[in-house]
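First comes the structure, then the notes that go with it.
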Amino acid sequence: MTIKIGVPSKGRLMEKTFDWFAERGVTLSRTGSDREYAGKVEGIDGVELVLLSAGEIPRELAAGRIHLGVTGQDLIREKLSQWEQRVEELAELGFGQADLIIAVPQVWVDVDTLDDLDAVAAAFRAKHGFRLRIATKYHRLVREYLQLHGVADYQLVDSQGATEGTIKNLTAEAVADITSSGETLRANHLKILSDALVLRSQATLFRARGIKLSSEERDIREALLRQLKLRG
Ligand SMILES: Nc1ncnc2c1ncn2[C@@H]1O[C@H](COP(=O)(O)OP(=O)(O)OP(=O)(O)O)[C@@H](O)[C@H]1O
Ligand SMILES: O=P(O)(O)OC[C@H]1O[C@H](OP(=O)(O)OP(=O)(O)O)[C@H](O)[C@@H]1O
């Protein structure tokens with residue numbers, strides 16, 4: 001009987017997650033070679049480490065294949081419909097901060113707000129015969145946000161990486177992506193619309209809801225959460 005915890009398998013998110021757990025007496029580590037995705041947990045019994053892509057952790061939690069998982073709030077909200085029914089946020093971890101924003105070219109001097117974008121979008125369609133394109137991998141979150149703010153005359157185009165480059169490449173007129181330092185936006189001559197902060201995100205520890213656990217598994221999970229100081 002084990003409790004499975006899913007953690008990003010590489011990069012800053014993995015390292016900072018390992019540090020966060022280590023500060024609370026639970027040692028997570030990768031085992032084997034640099035390229036082997038195997039891990040171990042020390043400092044508590046019955047907990048198994050599963051190394052996964054950050055983007056897959058929401059689905060694995062929702063499917064109950066992992067019981068706890070660390071990933072960005074943006075990925076949970078984007079990938080899981082009605083996410084609050086499927087996972088619970090246990091703790092924001094204080095790293096991996098990123099803002100999901102909508103940005104347009106700096107040379108669009110008259111466009112600073114979503115209302116401006118809406119006006120430009122209508123004119124764009126009249127002129128070009130197709131809708132203004134917004135490149136993103138956050139389809140659900142961007143669609144919901146624009147609907148809420150009354151912007152309708154656009155289309156989303158999928159971009160799974162290097163999204164800020166799509167404008168230069170003429171595959172989109174605007175982007176919706178995460179930004180942290182703002183350097184990628186600046187380097188690509190883009191500006192954030194003043195009222196287009198879609199979501200503030202950071203790395204967070206989540207618990208899968210609605211999974212049947214044995215009493216032994218429940219005890220292990222509660223012991224882990226006590227060790228992490230998330231339970232009294
Ligand atoms: N520049 C950044 N600064 C801080 N956090 C970031 C940054 N870029 C991405 N993140 C956050 O890190 C998390 C993982 O992002 P992303 O899916 O891009 O990671 P990845 O390493 O490319 O993962 P994958 O293995 O799924 O490709 C997201 O929650 C995102 O908000
Ligand atoms: O504001 P900044 O500090 O410049 O960070 C923002 C960049 O970081 C992320 O990209 P990532 O490096 O994950 O690569 P990606 O383009 O493949 O998503 C994001 O998609 C932005 O491009």
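Counting convention: from 1, in listed order, for ligands and their atoms alike. We use all heavy atoms of the structure for the numbers below, so side chains are in, but hydrogens, waters and symmetry mates are not. Everything numeric here is computed off the predicted structure, so don't read it as measured data.
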Tell me yes or no: between the side chains of [X] and [Y], is some donor less than 3.5 Å from an acceptor?
X    : Y    : result
T2   : E48  : yes
T166 : N169 : no
Q73  : T204 : yes

Discussion item. When you compare ligand 2 with G182, is there at least one nitrogen or oxygen pair between them that comes in under 3.5 angstrom?
Written reply: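 N/O-N/O distance below 3.5 Å exists for this pair.
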Item to complete: Examine I178 against ligand 2 and note whether any of their N/O atoms are separated by less than 3.5 Å.
Response: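 It does not: no N or O of I178 is found under 3.5 Å from an N or O of ligand 2.
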Could any protein non-hydrogen atom be found less than 4.0 Å from [atom]?
atom                    : value
atom 5 (O) of ligand 2  : yes
atom 20 (O) of ligand 2 : yes
atom 8 (O) of ligand 2  : no
atom 13 (O) of ligand 2 : no

Worksheet, complete the sentence: Smallest heavy-atom separation, T171 atom then V157 atom, equals O-CG2, 3.8 Å
Worksheet item: So, for L28 and V41, which heavy atoms are closest and what is the spacing to 0.1 Å?
Response: CD2-CG2, 3.8 Å
Worksheet item: What atoms in ligand 2 come closer than 4.0 Å to a heavy atom of T184?
Response: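 Reading through ligand 2 atom by atom, the close ones are 2 (P), 4 (O), 5 (O), 6 (C), 7 (C), 22 (O).
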Item to complete: Would you sort out whether K16 and E23 count as a salt bridge (charged side-chain N to carboxylate O under 4.0 Å, His left out), showing the intermediate values?
Response: CA-CA 11 Å; K16 291 193 165 166; E23 282 161 18; over 6 Å; no
Give the residue and atom name of whichever protein heavy atom lies nearest to [atom], and the separation in Å to one decimal.
atom                    : result
atom 16 (O) of ligand 2 : A162 N, 2.8 Å
atom 22 (O) of ligand 2 : E164 OE2, 2.9 Å
atom 17 (O) of ligand 2 : G161 CA, 3.7 Å

Item to complete: Step through the shown structure and confirm whether more than 12 heavy atoms of other residues, nucleotides or ligands are within 6.0 Å of NE2 on H189.
Response: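 No, because the 6.0 Å sphere around NE2 of H189 holds 12 heavy atoms or fewer from other groups.
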Worksheet entry | Neighbour count >12 (heavy atoms, 6.0 Å) for atom NZ, K191 |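 Result for NZ/K191: enclosed.
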Worksheet entry | For E173, all residues meeting salt bridge (Lys or Arg N to Asp or Glu O under 4.0 Å), sequence neighbours excluded |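 Checked E173 against salt bridge (Lys or Arg N to Asp or Glu O under 4.0 Å); matches are R133.
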Discussion item. With a heavy-atom distance limit of 4.0 Å, tell me whether D177 approaches ligand 2 through its side chain, its backbone, both, or neither.
Written reply: side chain
Worksheet, complete the sentence: Honestly, for S180 the part within reach of ligand 2 (heavy atoms, under 4.0 Å) is both
Discussion item. Please tell me whether L185 and I102 are part of a single hydrophobic cluster in this structure, the criterion being side-chain heavy atoms less than 4.5 Å apart.
Written reply: no
Worksheet entry | Proximal protein residues to ligand 1, non-hydrogen atoms under 4.0 angstrom |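 Within 4.0 Å of ligand 1, the protein residues are K10, R12, L13, S53, A54, G55, G72, D74, L75, G96, Q97, A98, K137, I178, S180.
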Fill in: By ring-ring contact (aromatic ring centres under 6.0 Å, His included) - contacts of Y145 (at least two apart)
H149
Worksheet item: Nearest heavy atom to atom 2 (P) of ligand 2: which of S159, A187, S181 does it belong to?
Response: S181
Worksheet item: Should side-chain heavy atoms under 4.5 Å link Ile, Leu, Val, Met, Phe, Trp and Tyr, which residues sit in the same cluster as I66?
Response: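 Members besides I66, by chain and number: V50, L52, I57, L61, I76, L80, W83, V87, F206.
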